[in-house]
Amino acid sequence: MSADDNSTRTNFIRNIIDEDLAAGRNGGRVATRFPPEPNGYLHIGHAKSICLNFGIAQDYNGTCNLRFDDTNPHKENVEFVEAIQRDVHWLGYDWGDRLYYASDYFEQLYELACELIRRGKAYVCDLSPEQIRDYRGTLTRPGKDSPYRDRSVDENLDLFARMRAGEFEDGARILRARIDMASPNMNMRDPAIYRIRRGAVHHQTGEAWCIYPMYDFTHCISDSIEGITHSLCTLEFEDHRPLYDWFLDTLEMECHPRQIEFSRLELQYTVTSKRRLTELVEEGHVEDWDDPRMPTIAGLRRRGYTPASIRDFCERIGVTKSENNVEMGVLENCVREDLNRTAPRRMAVLHPLKVVIENYPEGEVEELEAPNHPQDETMGTRRLPFTRELYIEQDDFREQAPRKFKRLVSGGEVRLRNAYVIRCERVIKDSRGEIVELRCSYDPDTLSKNPEGRKVKGVIHWVSAAHAVEAELRLYDRLFNHPSPAAARDGADYRAHLNPDSLLTLTHCRLESSLANAQPGEHFQFERQGYFCVDPDHSHDRPVFNRTVTLRDSWARIEQQQKEAS
RNA sequence: UGGGGCGUCGCCAAGCGGUAAGGCACUGGGUUUUGAUCUCAGCAUACGCAGGUUCGAAUCCUGCCGCCCCAGCCA
């Protein structure tokens, strides 16, 4: 694939697989699966699971299935089914012809449930949801048996068939596993395995069913049917493993996958729970699932993150069972590293300040050649029109220079990137005292060479006023201003920590002319500013770029320190 | 308070009885027409705490402490 793939680290799951292989288990076969529920968009946490499952399949010459865990028709839909496939593909993984739905197995699942009944290991229970909760007991008190626990096999079979036939109201009855109401593991206290959902329209099976199997029953059997060898899931399912094993053992399934749990990814300054992401979208705190501030795969893509950078990130954070809280800096470092290598350089002025080169002939246009990448000649060059009137960054000029400031000051010199050295001769202000224009002179003998007898330390970017493309630049910052918005000590709802300044839209930015035919999805480094990508909303008439991430900025840090010192 | 997990540098994370990898962050130096990149150097006498076993422990034993998960007809 790409540069990030030759340094695969090991982790405890790979170690377990190595041991299984060494012990000759599963006939040397490795089969994993990525099993999303299509009830929302995939996020960075899913990326971790995707890279783990598909990555293992690749490295062990095995297979990884994509399987939709679609057992809850109330929450799922095809929009999500399609978005998930798009995102997994975009991340760089391919499931070939192994696209499955748990709903593919509904008939088998039903038959297996009947088998459980025949073996005396499942029963139809008429208790209401409230009664079931009551009978379940608490964490410290055992539950008590349902009065329906000892129905005959025939009665159970009959009732279950009638549940399927739609004879009973939603909630009137459920099918339960018959295990142990006194188990210290709550999951083993006769868990529900089928519930009634009449009138639900399932995105895959339509109205064929009015009973739907529960996760615990469905998941292990789906894994078994598909011949999965290692079923990887997150830590909260650790308590479910005895149940996973119980179903497969009780039904004497031929294939018994090994469930292994790892900790889910926590990323600072964001939320990664589908419930909260759904709320952010539905309550309008963000534009949509693909809002560039969202930690969704779609959002990261629109923000300008590359598949390789996300894979690299997943590699770097590792896979363990300990809780973690990864800093945004790690993710950001991954894109910077990838984009530094691959993104062509361009110049863009975010906050324009007019500069007139007084000793440059009016009407003249010089075509200067500039490399697309300072370290990679193979990326070629492009032409920059140089003229008498330019724009530079407001922030690159100060009337009074702070300590260590090496940009343009009154009477001082600075290098225009890929062009000449200029000197600021005069500052023009409006009636309110605001600087509106700089009158400068240029040294014609400084193109591609240093001036005689003096050092010019600073280099700033610029664009030709007459040729500039006017564009909208969207600058993004973290969505939340608290490192753990969902677990803040102040007890406030995560929404209280939403960052009001997470999006700053700049509408009159000036870009170098070569950007006129940029295409949606393209990445660039706007020198000295950051990495940007062309937004899907972009058009030739209304250019729109998103800032993926800023460049590292040691000047900002120095300036900050000076501010704090004074 | 029942059960299941986890505790190694600011954040991740190797380590599996032989005397603390690596990445990110941070600090300082060099190169540089991006204060970018690149590059060099520094950054845990210490592995939640307390005992014990051992010539030797982050790794084994015991006891504490802290944090997370579980009482959906969600996944």
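Labels below follow one simple rule: chain letters A, B, ... track the order of the sequence lines, proteins then strands, and each chain is numbered from 1.
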Tell which nucleotide pairs with [N], taking only Watson-Crick or G-U wobble pairs whose two distances are both under 3.5 angstrom.
{"N": "G42(B)", "value": "C26(B)"}
{"N": "A58(B)", "value": "none"}
{"N": "C67(B)", "value": "G5(B)"}
{"N": "U32(B)", "value": "none"}

Sugar-phosphate only, base, or nothing, as touched by [X] at under 4.0 Å among non-hydrogen atoms:
{"X": "Gln525(A)", "value": "base"}
{"X": "Pro242(A)", "value": "nothing"}
{"X": "Asn333(A)", "value": "sugar-phosphate"}
{"X": "Arg557(A)", "value": "sugar-phosphate"}

Whole-Å distance between [N] [atom2] and [X] [atom1]?
{"X": "Glu332(A)", "N": "A36(B)", "atom1": "CD", "atom2": "C1'", "result": "15 Å"}
{"X": "Leu551(A)", "N": "C38(B)", "atom1": "CG", "atom2": "P", "result": "11 Å"}
{"X": "Asp396(A)", "N": "A36(B)", "atom1": "CG", "atom2": "C1'", "result": "14 Å"}

**OP:** Name the closest nucleotide to the Lys406(A) side chain, picking from G2(B), G35(B), C26(B).
**Re:** G35(B)
Nearest-angstrom distance, [atom1] atom, [N] to [M]:
{"N": "U59(B)", "M": "C73(B)", "atom1": "P", "result": "42 Å"}
{"N": "G7(B)", "M": "C74(B)", "atom1": "C1'", "result": "30 Å"}
{"N": "C16(B)", "M": "G48(B)", "atom1": "P", "result": "16 Å"}
{"N": "G52(B)", "M": "A14(B)", "atom1": "C1'", "result": "28 Å"}
{"N": "U37(B)", "M": "A25(B)", "atom1": "P", "result": "9 Å"}

Subject >> 5' precedence on RNA chain B between Gln561(A) and Phe405(A) (nearest-nucleotide basis) >> reply: Gln561(A)
Original post:
Side-chain N or O of Arg552(A) less than 4.0 angstrom from OP1 or OP2 on A25(B)?
Top reply: yes
Original post:
Are Lys563(A) and Glu559(A) close enough for a salt bridge, meaning some N to O gap below 4.0 Å?
Top reply: no
Original post:
Is it true that Arg528(A) and Asp395(A) have a side-chain N and a carboxylate O under 4.0 angstrom from each other?
Top reply: no
Original post:
Relative to the ring of His219(A), is the ring of Tyr244(A) parallel (under 30°), tilted (30 to 60°) or perpendicular (over 60°)?
Top reply: tilted
Original post:
With under 30° as parallel and over 60° as perpendicular, where do the rings of Tyr110(A) and Phe160(A) fit, or are they tilted in between?
Top reply: parallel
**OP:** Could you run through nucleotides 70-75 of chain B and give me one letter per nucleotide, 5' to 3': B if any protein heavy atom sits under 4.0 Å from the base, S if only the sugar-phosphate is that close, - if neither?
**Re:** BBSBSB
Original post:
Could you run down nucleotides 10-17 of chain B 5' to 3' and tag each one B, S or - for protein heavy-atom contact under 4.0 Å?
Top reply: BSSSS---
